[in-house]
Amino acid sequence: MTTAFVFDNMGNPIQAVDRLATPFDFGPGHLNPDRGMSPGPVYEFDGKDVHIFLCSQKTDPKRLRAITGIVLKCQNPAVPAYQLNLPSIAISNLDKPIRVNRTVTFKGKREGPQVFRVSVEQPEGVNVRVEPEVLNFSHGETKLSFTVQFTPSRARGSGYTFGSLNWRDGEHVVRSPIAVAV
């Protein structure tokens, strides 16, 4: 997903039938299998994340047991789905500042420095700030975490707006789509 690109085979932005496409139309974009061989930072999703997701959907305890085969206890209040460690970030109601946490694991060749700098394609009406702005895997680290702060900057009820986080090191581009309803 994070090695996909959002341009067609002519180098133009992906189009919907009558407009510029959004992540709701194209998902992560066109997959690039070559870039997937050495993707750089990846977002790992495990059983803990599945547990959080099922609880965030307010799944009743009997159904949780039927799905997982074990008794799961959900946090109260439930962890919001946007806190799942996914490459994409979707917030369905940004009415106040929200902090989203992510952890990435470096996968690929370890030749030379592995320093990734973030750039943000800001969703319209939302201020996005990433801390730290640099992920440095050069000293043997395999997992690093960062926080994304979302702050609404326009009136509510404006609908979804889109952007992305892009981590670059000169070789890799790791793109994470953003969808936020303001």
Side-chain angles (χ1 to χ4, degrees), residues 1-6 21-29 31 36 39-59 64 72-108 114-137 141-169 172-182:
M1 175 176 196
T2 56
T3 59
F5 51 95
V6 294
T22 72
F24 288 160
D25 299 309
F26 57 70
L31 298 180
V42 298
Y43 298 78
E44 294 184 320
F45 187 85
D46 60 19
K48 178 182 153 211
D49 294 296
V50 173
H51 178 182
I52 291 169
F53 172 74
L54 292 170
C55 290
S56 75
Q57 301 304 301
K58 298 181 174 53
T59 309
L64 279 173
L72 291 176
K73 295 199 185 243
C74 295
Q75 285 183 234
N76 190 6
V79 174
Y82 56 76
Q83 291 295 2
L84 294 171
N85 197 49
L86 296 171
S88 59
I89 300 172
I91 301 172
S92 62
N93 182 22
L94 185 67
D95 59 354
K96 63 181 184 273
I98 289 178
R99 295 176 71 84
V100 174
N101 302 304
R102 292 292 188 268
T103 298
V104 291
T105 303
F106 185 83
K107 303 282 185 180
Q114 302 296 328
V115 179
F116 290 81
R117 288 174 171 55
V118 72
S119 63
V120 179
E121 180 188 333
Q122 298 278 344
E124 187 177 327
V126 180
N127 293 322
V128 179
R129 191 181 60 185
V130 181
E131 293 178 0
E133 295 178 353
V134 174
L135 297 177
N136 188 345
F137 292 96
E141 298 85 347
T142 55
K143 290 183 184 281
L144 293 173
S145 297
F146 62 93
T147 301
V148 186
Q149 173 84 30
F150 293 89
T151 305
S153 62
R154 71 177 183 197
R156 290 187 56 202
S158 303
Y160 274 91
T161 182
F162 305 96
S164 65
L165 300 180
N166 298 281
W167 293 97
R168 292 181 170 88
D169 74 341
H172 304 90
V173 178
V174 178
R175 183 178 181 281
S176 296
I178 297 170
V180 182
V182 184

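Numbers here are sequence positions counted from 1.
Not a single donor-acceptor pair under 3.5 Å links the side chain of R175 to the backbone N or O of P87. No donor-acceptor pair closer than 3.5 Å links the side chain of T147 to the backbone N or O of N101. T59 places a side-chain N or O within 3.5 Å of a backbone atom of L54 that can act as its donor or acceptor partner. In this structure, the side chain of H51 does not engage the main chain of D46 through any donor-acceptor pair within 3.5 Å. Distance alone, capped at 3.5 Å, is enough to place a donor-acceptor pair between the Q122 side chain and the V128 backbone.
Contact of the D169 side chain with the F137 side chain is not registered, since no non-hydrogen atoms from C-beta on lie closer than 4.5 Å.
Looking at residues two or more places apart in sequence or on another chain, you find a salt bridge (Lys or Arg N to Asp or Glu O under 4.0 Å) between R129 and E131. With sequence neighbours excluded, the residues that form a ring-ring contact (aromatic ring centres under 6.0 Å, His included) with F146 are W167. With sequence neighbours excluded, no residue forms a salt bridge (Lys or Arg N to Asp or Glu O under 4.0 Å) with R117.
Residues S56 and P80 come closest through the heavy atom pair CB-C, 4.4 Å. For C55 against A78, the heavy-atom pair with the smallest separation is O-CB, 3.7 Å.
The residue from V174, V42, L135 that alone fulfils the side-chain contact (heavy atoms from CB on, under 4.5 Å) condition with V104 is L135.
Within a 6.0 Å sphere centred on CD of E133, other residues, nucleotides and ligands contribute 12 heavy atoms or fewer.
Under the 30°/60° scheme for interplanar angles, the aromatic rings of H172 and F116 are found to be tilted.
In this structure, CZ in R102 is found 9.0 Å from CG in L165, a value given to the nearest 0.5 Å.
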